[in-house]
Amino acid sequence: ITEHRVETPLGVLHVMVHGAGNVRRPAILTFHDVGMDSKSCFSTLFKFEEMQEIVKNFTVVHVDAPGQEDGAAIYPAGYQYATMDQISDMLPAVLQYFNFRTVIGVGVGAGAYILSKFTLSNPEAVEGLVLINVDTNARGWMDWAAQKLSNLTSSLTDQILSHLFSQVFKWDATSMIDNTMQEMQFGHLDNQTFMFFFLPYSRRDLDIERNNTFKCPVMLVVGDQAPYEEAAVECNSKLDPTTTSFLKMADAGGMPQLTQPSKLTEAFKYFIQGMGYMASSCMTRLSRSRTTSLSSSYSMEGSRSRSRTLSQGSQGGQLPPSPSHTMEVSC
C-alpha cells in the first residue's frame, strides 16, 4: 500500500493505493461515508480473504474526504469546508495523477452520492458503480430542522452511529459497533469530522431519472431495515432497469461492507464479470455452500421486463445476475 497526497484545484486529497497496477483494466476507486475514513469504511471488505482475487486483478484506490484521514492537519478556525459537489470535482485530478483512464466506483453513504455526482459529470471515466446506502435526493428544510434538534439532544457520536447502523442492528450487534467505534477513534472526534458529517444536509438533488441517468452498469446495495433503505429503493426506481442490480442484504445493519463482506464480495464478483472482467473467476463459498431460488415478477415496459428477484432458498442452482434486467436480490 502506498500513500499519496494529490493536489487538486480545490484542495488536497489523501489517497491510498494497492493492488495489481493493471493499466488495461479500470481501477477500483472507493469513497467512504461520513464519520469514517477509507480505512475504517473499507478495510474489512478489501482485506476479506475472498476479495483478494479481485485485489490481485485490479488497482484499488481509496480516497479520503478532505481532512478525514488519520493524522490529518487541523484546519484553522473559520475554514470553509468543500461542498459535496466540490469534492466530486476533485476526483478527475486523482485519475490524472495516477494516469487512470477509467474506474469502477465503490461508494458508501455520502461517498456514494459523491461518486454519483462524479459519474454524471464524467460518464466516460466510469465503467461501473457500486453504491451502498445511496441517497441522491436533496435534504429539505425539515431534515435540516430535525438535525438541528438532534444536535441539542444527542452527541455527535450517537448521531454518527444512527446514520451508519439501523436501530435493530444497534441492539443486536454491540460488539460490531464497539469495534467500529474503536476503529473510527470516536473518542477523538474533531471539528473536521463535524464538518464532513453535516455536509450531506446541504447537498443538491442529482435529478436522476430514466432520461438523465448513469451511462454505466450500477449495483445498488442496502441493508434490510437500514436507515437509507427507502432512499435506495427510490433511486433504483429511477435508474435504467437494463443496467441496474439492486441488492438488499439481511442482517447487514446499514453497513454491508462491514457486516456482510462475504455476500458483498460475491455480488461484486458477479458485477465485475457482467462488465466482462474476470470471466474465469470461480465463485466463492456463497455459491458452494448456499443454494438459491429464482422468482421473477414482470411488469412490462414495452417488450422488456422490469425486475427479477433473487433470494436464497432450499432448492435450485446458483444463477448469475443477467445484465438485461434489474436484479432485486435479497440475501
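Between the CZ atom of Phe268 and the CE atom of Met219 there is a distance of 7.0 Å, given to the nearest 0.5 Å. Here the CE atom belonging to Met36 is positioned 9.5 Å from the OG atom belonging to Ser43, to the nearest 0.5 angstrom. If you take NZ on Lys215 and OG1 on Thr243, they are separated by 10.0 Å, rounding to the nearest 0.5 Å. In this structure, CG in Asp89 is found 6.5 Å from CG in Leu10, a value given to the nearest 0.5 Å. Atoms NE2 and NE2, on His14 and His4 in that order, are 9.0 Å from each other to the nearest 0.5 Å. In this structure, the separation between CZ on Phe48 and CD1 on Ile54 is 11.0 Å, given to the nearest 0.5 Å.
At most 12 non-hydrogen atoms from other residues, nucleotides or ligands lie less than 6.0 angstrom from CG of Asn99. Crowding of Gln96 atom CD: a count of heavy atoms from other residues, nucleotides or ligands under 6.0 Å not exceeding 12. Atom CD of Glu124 has more than 12 neighbouring heavy atoms from other residues, nucleotides or ligands inside a 6.0 Å radius.
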Would Phe31 and Leu91 count as a side chain to side chain contact (heavy atoms under 4.5 Å, CB included) here? Give the steps. CA-CA 10 Å; Phe31 211 109; Leu91 296 181; 4.2 Å; yes
Carefully, step by step, assess Val218 and Leu220 under the rule side chain to side chain contact (heavy atoms under 4.5 Å, CB included). CA-CA 6 Å; Val218 178; Leu220 301 177; 3.8 Å; yes
Leu120 vs Ile208, test: side chain to side chain contact (heavy atoms under 4.5 Å, CB included). Steps then yes/no. CA-CA 9 Å; Leu120 292 172; Ile208 292 176; 4.1 Å; yes
Check the pair Arg5 / Leu13 against side chain to side chain contact (heavy atoms under 4.5 Å, CB included), numbers first and verdict last. CA-CA 6 Å; Arg5 290 178 58 81; Leu13 289 175; over 6 Å; no
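Pairing each heavy atom of Ile87 with each of Ala82, the nearest pair is CG1-CB, 3.9 Å. The two residues Phe100 and Thr59 make their nearest non-hydrogen contact at CZ-CG2, 3.9 Å. Looking at every heavy atom in both residues, Ala112 comes nearest to Leu131 through O-CD2, 3.6 Å. Residues Ala72 and Gly67 share a closest heavy-atom pair of CB-O, 3.5 Å. For the residue pair Tyr277 and Pro26, the shortest heavy atom distance occurs at OH-CD, 3.3 Å. Contact record, Met275 with Pro217: CG-CG, 4.2 Å, taken as the closest heavy-atom pair.
Judged by distance alone, with hydrogens and angles left aside, the side-chain atoms of Asp33 form a donor-acceptor pair with the main-chain N or O of Ala110 at under 3.5 Å. In terms of modelled atom types and a separation under 3.5 Å, the side chain of Tyr228 and the main chain of Gly109 share no donor-acceptor contact. Looking at Asn122, its side chain never comes within 3.5 Å of a backbone N or O of Ala125 through a donor-acceptor pair. Ser237 contributes a side-chain N or O that, together with a main-chain N or O of Glu234, makes up a donor-acceptor pair within less than 3.5 Å. At distances below 3.5 Å, at least one donor-acceptor pair connects side-chain atoms of Gln273 with backbone N or O atoms of Met278.
The closest side-chain heavy-atom distance from Val222 to Val134 is not below 4.5 Å. Under the 4.5 Å side-chain criterion, counting only non-hydrogen atoms from C-beta, Phe46 is not in contact with Gln52. Val94 has its side chain out of reach of Val103: every pair of non-hydrogen atoms, C-beta onward, lies at least 4.5 Å apart. Two residues are said to be in side-chain contact when any heavy atoms from C-beta on lie closer than 4.5 Å; Thr244 and Phe214 fail this criterion. Asp70 has its side chain within reach of Asp37: a pair of non-hydrogen atoms, C-beta onward, lies under 4.5 Å apart. Side-chain atoms of Ser88 and Leu115, non-hydrogen and from C-beta on, never get closer than 4.5 Å to each other. In this structure the side chain of Arg101 never reaches within 4.5 angstrom of the side chain of Arg24, judged on heavy atoms. By the 4.5 Å heavy-atom criterion applied to side chains, His18 and Thr2 are not counted as neighbours.
Counted by atom type alone, Lys238 and Asn137 present one or more donor-acceptor pairs between their side chains at under 3.5 Å. In summary, the side chains of His32 and Thr30 do not present any donor paired with an acceptor at a separation below 3.5 Å, with no hydrogens or angles considered. A donor atom on one side chain and an acceptor atom on the other are not found under 3.5 Å apart for Thr83 and Asp85. Judged by distance alone, the side chains of Thr265 and Glu50 never bring a donor and an acceptor atom under 3.5 Å apart. Side chains of Ser38 and Asp64: a donor on one and an acceptor on the other come within 3.5 Å.
Hydrophobic clustering of Ile, Leu, Val, Met, Phe, Trp and Tyr side chains at less than 4.5 Å, counting indirect connections, unites Phe118 with Phe98. Ile114 and Val12 end up in different hydrophobic clusters when Ile, Leu, Val, Met, Phe, Trp and Tyr side chains are linked at under 4.5 Å. There is no path of hydrophobic side-chain contacts, each under 4.5 Å, that joins Met90 to Met16.
Taking the six-membered ring where the residue is Trp, Tyr81 and Tyr75 present tilted rings, their angle falling between 30° and 60°.
With Thr213 as the fixed residue, the side-chain contact (heavy atoms from CB on, under 4.5 Å) test singles out one of Thr119, Asp207, Leu239: Leu239. Screening Thr44, Leu45, Leu264 against Met51 for a side-chain contact (heavy atoms from CB on, under 4.5 Å) leaves a single residue, Leu45.
The pair Glu53-Lys269 counts as a salt bridge, with a side-chain nitrogen and a carboxylate oxygen less than 4.0 angstrom apart.
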